[in-house]
Amino acid sequence: RLIPDADVSSISATGIYKYQSLRLGLEAGLRYDIFNVKTTEFGIKDSLEYFPKLDLTYRSVNGSLGGTYRINEYATVKVNVSTGFRAPNLAELTSNGLHEGVFQYEIGNSSFKSEQSVEGDIGFVIESKYVSMDVSAYNNRINDYIYLAQTTDRLRGSPVFRFFQSNATLKGIEA
């Protein structure tokens with residue numbers, strides 16, 4: 001068994017506002033999420049195959065605000081700031097076993113927080129009958145980013161991979 005039996009549920013509410021004039025476009029959004037994971041206890045406590053009972057709930061409010069400004073019939077500037085949320089999934093929270101598809105022993109962490117990001121970007125667009133160009137710069141800061149990494153340990157002859165959590169930044173330019 002890699003993960004325990006579980007009930008996973010989520011619900012969200014979203015609102016969007018949009019304004020458009022000849023030169024200016026604005027869009028704002030707001031979202032509220034609730035994510036719940038309930039697992040059943042399995043195995044013998046303190047044994048390698050033990051899965052504790054969990055009842056975890058993650059809540060988050062996120063939003064975005066973006067705008068475009070049409071400089072002339074060919075050129076537009078765009079800017080956006082937004083936040084994002086991702087709750088840990090069942091595998092990241094509860095894995096404790098051999099993943100036979102890749103022959104590695106995976107171990108989750110039930111104390112993970114949800115990932116929360118703040119992203120900003122700015123771009124410049126040129127469009128004409130013969131040319132289309134879009135250049136954007138972005139910076140996305142993700143707090144409590146969840147990832148899987150190999151450790152130096154081995155269990156039952158297989159390498160051990162654990163889920164970890166740390167901050168991450170994605171930034172760059174797209175053209």
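Small disclaimer: the values here were computed from a predicted structure and weren't measured. Side chains are part of it too, since the values below use all heavy atoms of this structure and drop only hydrogens, waters and symmetry mates.
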Starting from the C-alpha separation in whole Å, work towards a yes-or-no answer on side chain to side chain donor-acceptor pair (under 3.5 Å) for T57 and N36. CA-CA 4 Å; T57 301; N36 182 260; 2.7 Å; yes

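- Of all heavy-atom pairs spanning I142 and L170, the tightest one is CD1-CD1, 4.1 Å.
- The shortest distance between side-chain heavy atoms of V61 and L30 falls below 4.5 Å.
- Every residue meeting the side chain to side chain contact (heavy atoms under 4.5 Å, CB included) condition with S47, not counting sequence neighbours, appears here in chain and number order: I44, E49, Y50.
- Counting heavy atoms from C-beta on, the side chains of N89 and F112 never come closer than 4.5 Å.
- Between the side chain of T151 and the backbone N or O of V160, at least one donor-acceptor pair lies under 3.5 Å.
- No side-chain heavy atom of P52 sits under 4.5 Å from any side-chain heavy atom of E41.
- Closest heavy-atom contact between A87 and S114: CA-CB, 4.0 Å.
- Under a 3.5 Å cut-off, the side chain of N167 and the backbone N or O of D144 do form a donor-acceptor pair.
- Judged as a side chain to side chain donor-acceptor pair (under 3.5 Å), the pairs with a partner in residues 1-23 (not counting sequence neighbours) are, in order, S12-R31.
- Evaluation of the side chain to side chain donor-acceptor pair (under 3.5 Å) test over residues 65-74, restricted to residues two or more places apart or in two chains, returns none.
- For S110, there are no side chain to side chain donor-acceptor pair (under 3.5 Å) partners at least two apart in sequence or on another chain.
- Of all the heavy atoms in G123 and S136, the pair that sits closest is CA-OG, 3.7 Å.
- Using modelled atom types, no side-chain atom of Q165 and backbone atom of I146 make a donor-acceptor pair closer than 3.5 Å.
- Looking only at side-chain heavy atoms (C-beta outward), T94 and F42 stay at 4.5 Å or farther from each other.
- In this structure a side-chain-to-backbone donor-acceptor pair under 3.5 Å is present from T39 to L54.
- Salt-bridge check for R86 with E115: passed, with a basic side-chain N closer than 4.0 Å to an acidic carboxylate O.
- When hydrophobic clusters are built by joining Ile, Leu, Val, Met, Phe, Trp and Tyr residues whose side-chain heavy atoms come closer than 4.5 Å, directly or via intermediates, I126 is grouped together with V77.
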Go through the steps to decide whether N62 and Q116 satisfy the test side chain to side chain donor-acceptor pair (under 3.5 Å), and finish with yes or no. CA-CA 9 Å; N62 290 284; Q116 187 70 45; 2.5 Å; yes

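- D33 and S60 are not linked by any side-chain donor-acceptor pair at a separation below 3.5 angstrom, with hydrogens and angles left out of the test.
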In sequence, state the C-alpha distance, the side-chain angles, and the governing distance for I107 and S95, and then conclude on side-chain contact (heavy atoms from CB on, under 4.5 Å). CA-CA 5 Å; I107 300 173; S95 287; 5.9 Å; no

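- Not counting sequence neighbours, N140 has no partner by the side chain to side chain donor-acceptor pair (under 3.5 Å) test.
- Within a 6.0 Å sphere centred on OH of Y32, other residues, nucleotides and ligands contribute more than 12 heavy atoms.
- Under a 4.0 Å N-O distance rule, the pair K78/D134 qualifies as a salt bridge.
- I3 and F35 fall within the same hydrophobic cluster, where Ile, Leu, Val, Met, Phe, Trp and Tyr residues are linked whenever their side-chain heavy atoms come under 4.5 Å apart, directly or through other members.
- Qualifying salt bridge (charged side-chain N to carboxylate O under 4.0 Å, His left out) partners for E119, counting only residues two or more places apart in sequence or in other chains: none.
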Would V135 and I173 count as a side-chain contact (heavy atoms from CB on, under 4.5 Å) if you check the C-alpha gap in whole Å, the side-chain angles of each, and the deciding distance to 0.1 Å? CA-CA 7 Å; V135 177; I173 297 174; 4.2 Å; yes

side-chain contact (heavy atoms from CB on, under 4.5 Å) between L2 and L98, intermediate numbers included: CA-CA 6 Å; L2 179 60; L98 182 63; over 6 Å; no

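- In this structure the side chain of Y58 never reaches within 4.5 angstrom of the side chain of K113, judged on heavy atoms.
- Using a 4.5 Å heavy-atom cutoff, the side chains of L90 and E92 are not in contact.
- V79 is not connected to L24 by any chain of hydrophobic side-chain contacts under 4.5 Å among Ile, Leu, Val, Met, Phe, Trp and Tyr, and they are in different clusters.
- Between the side chains of N96 and E106, no donor-acceptor pair is found at a separation under 3.5 Å.
- Residues S82 and S64 share a closest heavy-atom pair of CB-CB, 3.5 Å.
- Side-chain atoms of F163 and Y147, non-hydrogen and from C-beta on, never get closer than 4.5 Å to each other.
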Could you walk me through whether Q104 and L148 pass the side-chain contact (heavy atoms from CB on, under 4.5 Å) test, one step at a time? CA-CA 11 Å; Q104 63 191 31; L148 183 64; 3.6 Å; yes

Between N143 and R141, is the side chain to side chain donor-acceptor pair (under 3.5 Å) condition met? List the steps. CA-CA 6 Å; N143 295 322; R141 170 75 176 173; 3.3 Å; yes

